[in-house]
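Treat the numbers as computed from the prediction; the structure is a model and nothing was measured.
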Amino acid sequence: MARADQQAATVKTQEVKAALKTQQQRGGISPEHLLPVLEGIAVLWRVEASNRTTGKAATTPADGSVFGIYVGESACISGAVSSSRIWVNVNGHFPETGCIEPPAAH
């Protein structure tokens with residue numbers, strides 16, 4: 001991951017966490033609620049959001065959403081939000097899933 005991309009992603013993580021916390025408090029944790037909020041933060045970067053899943057095959061629906069924000073050419077802000085928890089990480093692209101973290105059993 002390029003240093004400049006990593007630094008840009010790191011700078012934005014607190015803003016992402018704050019926005020997710022607000023959405024969580026409002027009960028708006030579905031991808032449809034998160035996408036416009038995250039796009040407002042990302043501005044020129046691409047954003048993806050989808051429903052959270054669990055299980056070995058990642059097919060069991062779970063509370064909340066997962067998201068990925070593409071930062072520059074090589075970094076991501078990845079994470080998830082549920083009614084009880086918020087995850088936000090800076091990482092590189094995942095080969096199979098881009099900026100959305102692959103299932104744990106992957």
Side-chain angles (χ1 to χ4, degrees):
M1 165 178 12
R3 181 180 293 262
D5 291 347
Q6 182 179 13
Q7 289 174 337
T10 300
V11 166
K12 285 289 186 182
T13 58
Q14 292 306 316
E15 188 176 354
V16 169
K17 286 179 187 177
L20 294 174
K21 180 78 170 166
T22 299
Q23 287 303 114
Q24 185 186 52
Q25 291 169 343
R26 293 178 180 163
I29 58 173
S30 70
E32 296 78 22
H33 287 105
L34 291 185
L35 197 56
V37 172
L38 294 174
E39 286 174 335
I41 295 168
V43 186
L44 300 175
W45 300 327
R46 187 174 71 155
V47 179
E48 295 177 344
S50 62
N51 292 307
R52 246 181 94 232
T53 56
T54 61
K56 289 183 181 180
T59 57
T60 305
D63 172 44
S65 300
V66 294
F67 68 89
I69 301 171
Y70 291 78
V71 179
E73 295 294 320
S74 60
C76 299
I77 301 171
S78 300
V81 60
S82 70
S83 59
S84 62
R85 189 167 169 210
I86 296 171
W87 304 260
V88 179
N89 302 303
V90 172
N91 47 266
H93 298 172
F94 298 99
E96 301 90 348
T97 59
C99 283
I100 293 181
E101 292 188 36
H106 177 70

Problem set entry | Heavy atoms of other groups near Q25 CD, more than 12 under 6.0 Å | yes
Seminar exercise, completed: residues 2-28 vs salt bridge (Lys or Arg N to Asp or Glu O under 4.0 Å), sequence neighbours excluded, gives K12-E15
For this session: Just grab all the salt bridge (Lys or Arg N to Asp or Glu O under 4.0 Å) pairs involving residues 29-52, residues at least two apart or on different chains.
Result: R46-E48
Grab the two heavy atoms, one from [X] and one from [Y], that are nearest each other, plus how far apart they are.
X: I29; Y: L34; answer: O-CD1, 4.0 Å
X: G98; Y: Y70; answer: CA-OH, 3.3 Å
X: V47; Y: A42; answer: CG2-CB, 3.5 Å
X: F67; Y: V88; answer: CZ-CG2, 4.2 Å

For this session: Kindly state each residue pair satisfying disulfide (SG to SG under 2.5 Å) with at least one member in residues 62-93, sequence neighbours excluded.
Result: C76-C99
Residues in side-chain contact (heavy atoms from CB on, under 4.5 Å) contact with [X], at least two apart in sequence or another chain:
X: A8; answer: W45, V71
X: P31; answer: A49, N51, S65
X: S84; answer: S82

Hey, what else clusters with [X] if you join Ile, Leu, Val, Met, Phe, Trp, Tyr whenever side-chain heavy atoms sit under 4.5 Å?
X: M1; result: V90
X: V11; result: none
X: V66; result: I100

Exercise. Quick one: side-chain hydrogen bond (donor to acceptor under 3.5 Å, both in side chains) pairs with a partner in residues 85-94, sequence neighbours left out?
Worked result: S78-N91, N89-E101
Exercise. Can you list the steps and then say if I86 with Q24 is a side chain to side chain contact (heavy atoms under 4.5 Å, CB included)?
Worked result: CA-CA 8 Å; I86 296 171; Q24 185 186 52; 3.6 Å; yes
For this session: Give, for atom CD1 of I69 and atom CD1 of I41, the distance between the pair rounded to the nearest 0.5 Å.
Result: 6.5 Å
Exercise. Linking I/L/V/M/F/W/Y whenever any side-chain heavy atoms sit under 4.5 Å apart, do V37 and L20 land together?
Worked result: no
